Each structure stands twice: as structure tokens, then as C-alpha cells.
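Just the heavy atoms: all of them, side chains too, but no hydrogens, waters or symmetry mates, feed the values below. For clarity, every value in this text was computed on a predicted model and none was experimentally measured.
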Amino acid sequence: QRQMCIRDRAAKAGEKLVEAAQAQRTKLIDGAKEKGALAKLAAEKAGDKLVEEARKQADKLAAEADKQIEKLTAKQE
């Protein structure tokens with residue numbers, strides 16, 4: 001039960017990171033629209049990178065949660 005809580009919290013934190021990055025991407029693109037096609041393209045690329053990094057961080061959180069669960073399980077055995 002405790003293991004699921006750790007995993008759930010890591011998943012929720014990861015989701016929030018990705019959602020925040022996606023929102024930032026949208027803001028970047030919206031801000032660049034009036035500056036021209038090249039600025040919009042650059043904003044999209046930068047936004048995609050932000051989202052990609054957020055997903056990597058989310059994966060790291062999930063992996064760390066799994067490590068913590070393994071440690072807890074090993075202590076119980």
C-alpha cells in the first residue's frame with residue numbers, strides 16, 4: 001500500500017511537470033505568433049525541448065520511486 005502511494009505521488013509530480021512545460025510551450029508560441037513565422041518556429045522548437053526535458057524528469061521521478069520501493073521491500077524481507 002505504501003509502495004503504491006510512493007509510485008502515485010511520483011506519477012502525479014511527473015504529470016504536473018509535463019503539464020507545466022506544455023503550458024509554457026503554449027505561452028512561448030502565442031507570444032511569438034505576432035513576431036513572424038520564424039519566431040513561431042523557434043518558439044515551437046524551444047517549447048518542444050521544454051516538454052521533452054519535463055518528460056525526462058518525470059521518468060527520473062518514477063525510476064527514483066521504484067528504487068525507494070525496492071529499498072522498502074528489501075528491508076521488509
Problem set entry | Distance in Å, Glu44 CD paired with Thr26 OG1, rounded so as to fall on 0.5 Å steps | 10.5 Å
Problem set entry | Listed once per pair and sorted, the side chain to side chain donor-acceptor pair (under 3.5 Å) pairs that draw on residues 10-25, sequence neighbours left out | Arg25-Asp48
For this session: Identify the heavy atoms of Ala21 and Leu50 that sit nearest to each other, and give their distance.
Result: CB-O, 3.7 Å
Problem set entry | Within residues 60-70 or reaching into it, pairs that qualify as side chain to side chain donor-acceptor pair (under 3.5 Å) - sequence neighbours excluded | Arg7-Asp66, Glu64-Gln68
For this session: Return the minimal non-hydrogen interatomic distance between Ala54 and Leu17, and the atom names on each side.
Result: CB-O, 3.6 Å
For this session: Locate the shortest heavy-atom distance separating Ala39 from Ala32; write the atom from each residue and the value.
Result: O-CB, 3.4 Å
Exercise. Who passes side-chain contact (heavy atoms from CB on, under 4.5 Å) against Ala65, sequence neighbours left out?
Worked result: Ile6, Ala10
Problem set entry | Contacts of type salt bridge (charged side-chain N to carboxylate O under 4.0 Å, His left out), residue Lys49, not counting sequence neighbours | Glu52
For this session: Applying side-chain hydrogen bond (donor to acceptor under 3.5 Å, both in side chains), name anything that partners Asp59, two or more places apart in sequence or on another chain.
Result: none
Exercise. Which residue pairs satisfy the side chain to side chain donor-acceptor pair (under 3.5 Å) criterion with at least one member in residues 31-42, sequence neighbours excluded?
Worked result: Asp30-Lys33
